[in-house]
Amino acid sequence: MLNEWQPTCSIEMLRLRAQVFNDIRQFFSARAVLEVETPLLSHSSITDPQLDFFTTDYCSPPRQHTLFLQTSPEFAMKRLLAAGSGSIYQICKAFRNGEAGRFHNPEFTLLEWYRVGFKLPQLMDEIAELLGVLFNGHRALNPTQRFSYQEIFQRYTGLNPLEFSYQDYCAYARDNHKPEAVSICGYDHALWLDFIFSHNVQPQLGKNAVCMVYGYPACQSSLARINEYNSQITDRVEVFINGIELGNGYYELTDPKEQCRRFDEEIAIRQIRKRPASVKGKHLIAALEAGLPECSGIAIGLDRLLMLLANSASIDDVLNFPIHRA
Amino acid sequence: MASYSTNEFKAGLKVMLDNDPCAIIENEFVKPGKGQAFNRVKIRNLKTGRVIERTFKSGDSLEGADVVDVAMQYLYNDGQFRHFMVPDTFEQYQCDEKAVGEASKWLKDQDSCTVTLWNDAPLSVSPANFVELAIVETDPGVRGDTSGGGGKPATLETGAVVRVPLFVQQGEVIKVDTRTGEYISRVKE
C-alpha cells in the first residue's frame with residue numbers, strides 16, 4: 001500500500017485526544033490528585049491467566065535480564081500509594097500481547113487513578129463525574145445507571161450468576177443458539193460467566209449512557225476485595241457505554257497474604273494452561289506488607305473512550321499508528 | 001491440510017466445521033478486560049449456503065478445507081448431470097443439480113462460470129455476474145413505449161424469468177445481472 005506511512009486517524013482526532021488529556025488533567029488537578037509516571041518496563045509481571053505480556057531483554061553485560069512491558073501500571077502505582085503518595089493518577093501506555101481487533105490494539109492508552117480513603121461507591125460517583133466532563137460538548141448522555149452484577153445478569157439471562165448450575169447454564173446456551181458454549185466452558189464457572197456476559201449481557205449495557213456494574217461474583221475478583229457483608233461477591237466495578245467495556249475498578253485488596261495466595265493460585269493455573277511463566281511481583285507484596293492505605297482505583301481505556309466520543313466503529317480510527325502500521 | 005488459529009480467520013478463508021467445508025465471513029475478537037478471549041465468527045457453510053455464527057475460544061483452531069474456485073466452461077446437460085470443462089487442461093467435471101443449484105437458470109452451453117471444488121469434487125457453481133440470453137417468450141410490447149414503469153415478465157432460453165421493459169421483444173438478446181436477476185440492457189446483435 002502506498003499510504004501505509006500515513007496515520008489511520010484524522011488530524012482532528014489528534015486534537016480530540018489532546019483535548020481529552022487536557023480535560024482529565026484539569027479534572028484531577030482541581031481535586032488535588034497528583035499526576036505520576038511509573039516505569040513501563042518491570043522485572044515482574046502480572047500472573048493473570050487471561051493476559052499475555054510482552055517480554056524484552058535487558059542487556060547489562062555480562063548478564064541479561066528478562067523485563068516485562070506492563071499490562072497496566074497497577075503494581076507500581078500501589079507501591080507509590082504504600083509509600084505515602086496520597087491519591088494519584090496516570091495517563092500511560094499499557095501492552096497486552098495477542099489482543100487485536102475492532103476494540104483492541106496490543107499497545108493502548110490507559111487512565112488509571114487511585115483515591116485514598118474512597119470505597120467503591122465514592123469512586124463510582126467520581127467516574128460518573130469525570131465521564132460527564134469528558135462527554136460534555138461532544139455527546140449528550142442519558143442518566144448514569146448502576147446495577148449489581150447479579151441483578152443485570154439475571155435480567156438478561158434469567159440465570160443466577162452467583163450459583164453455578166451446570167444444567168441451567170447448558171440449557172440456556174442451547175436455547176440461545178450457542179451450544180458450543182458447553183464444550184468451551186465445561187465446568188468452569190468463571191468461564192461460563194465470561195461467555196454469557198460478553199455475548200448476552202454486555203451488548204445491552206449503557207444505551208448512550210454510562211452503565212456501571214458492581215459486585216462481581218467472587219470467582220472474578222482479580223485484585224478486588226471480597227465484599228465485607230456478602231462473601232459471594234467482590235467490590236469490583238466495570239464501566240460500559242453502548243455495550244463497550246471502558247474500565248475496571250476495585251476497592252483494592254490490601255491484605256498481603258490474600259494477595260500472595262491469589263498470585264500463587266493464578267501462577268498454578270498458568271502452568272496448567274501452559275502459558276508463558278510469570279514472575280511474581282514481590283515488590284508489590286512487600287508494599288502491601290508495609291501497608292497499602294485503604295483506597296479504590298480504576299483504569300479507563302482512553303482509546304475506547306475516544307471511539308465513543310467520536311462515534312468510531314474501530315479503534316484504528318482513533319489511533320495514529322495501530323499495530324499493523326506501527 | 002494446514003490448520004488455522006482464530007487469529008488467522010480472515011474473510012474468505014476456507015475451513016472445515018462440523019465436517020462441512022465453510023468460508024469465514026467475519027471474525028470479531030471479544031475479550032473482557034479481565035476475562036477469557038473469544039472470537040465470534042460468521043461462517044458460510046459452502047454446501048448449504050447457510051450463514052451461521054459460532055464462538056471460539058481465542059487460540060482454538062480449525063482444519064483448513066481444500067476448496068478452490070476454478071474458471072470453467074459449461075458444456076451440456078445429459079439429463080442427470082451437467083458437465084463442465086477447464087479450458088486450459090480440458091479436464092471435465094460433472095455436477096449434480098444440488099451442486100449447480102440456482103446457477104442452473106443462467107447456464108447456457110459454452111458460457112464460462114466458476115465451479116467451486118472441494119477435494120476436487122464440485123461443491124457449487126456460480127454463473128458469471130452478467131450473462132447474455134435470448135428471450136423465448138414475452139407479451140408483445142405496446143408501440144411507443146420506450147422505458148419506465150411496470151415492465152413485463154420474459155422467459156429466457158435457460159428457463160429463467162426476468163422482468164423486462166415493455167419495448168423489449170421476443171427473440172431479442174438481453175444482458176442480465178445474475179446476482180440480482182435484473183435486466184440490464186438489450187444486446188445489439
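- Listed options H177(A), H199(A), E245(A) were ranked by heavy-atom pairs under 4.5 angstrom with chain B; first place goes to H199(A).
- Residues of residues 74-106 of chain B lying under 4.5 angstrom from chain A, judged on non-hydrogen atoms, do not exist here.
- Across T55(B) and I184(A), no two heavy atoms sit closer than the pair O-CD1, 3.4 Å.
- The local environment of CD in E137(B) is sparse, with at most 12 non-hydrogen atoms from other residues, nucleotides or ligands closer than 6.0 Å.
- For residues 27-45 of chain B, heavy-atom neighbours of chain A at less than 4.5 Å comprise E28(B), F29(B), V30(B), K31(B), P32(B), G33(B), K34(B), G35(B), Q36(B), F38(B), R40(B), sorted by residue number.
- For a residue to count as touching a neighbouring chain, one of its non-hydrogen atoms must lie under 4.5 Å from one of that chain's; by this rule S198(A) touches chain B with backbone and side chain alike.
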Ignoring hydrogens and angles, write down the donor-acceptor pairs under 3.5 Å from the side chains of residues 8-16 of chain B, residues two or more places apart or on other chains.
| residue | atom | partner | partner atom | Å |
| --- | --- | --- | --- | --- |
| E8(B) | OE1 | S5(B) | N | 2.8 |
| K14(B) | NZ | G12(B) | O | 3.1 |

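- Counting heavy-atom neighbours within 6.0 Å of R50(B) CZ, excluding the residue itself, gives a total of 12 or less.
- Residues that satisfy the side-chain hydrogen bond (donor to acceptor under 3.5 Å, both in side chains) test with Y216(A), not counting sequence neighbours, are absent from this structure.
- The candidate with the highest count of non-hydrogen atom pairs below 4.5 Å against chain B, out of A190(A), P179(A), A100(A), is A100(A).
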Using the side-chain contact (heavy atoms from CB on, under 4.5 Å) rule, take R54(B) and K178(A) through it: C-alpha gap first, then chi angles, then the decisive distance, then the call.
CA-CA 7 Å; R54(B) 183 69 75 91; K178(A) 291 269 161 231; over 6 Å; no
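- Of the two parts of F197(A), neither the backbone nor the side chain holds a non-hydrogen atom closer than 4.5 Å to a non-hydrogen atom of chain B.
- Neither the backbone nor the side chain of Q202(A) comes within contact range of chain B, judged by heavy atoms closer than 4.5 Å.
- Note: D60(B) CG to E180(A) CD = 11.0 Å, rounded to the nearest 0.5 Å.
- Most heavy-atom pairs under 4.5 Å with chain B: of the set E238(A), R102(A), H104(A), this distinction falls to H104(A).
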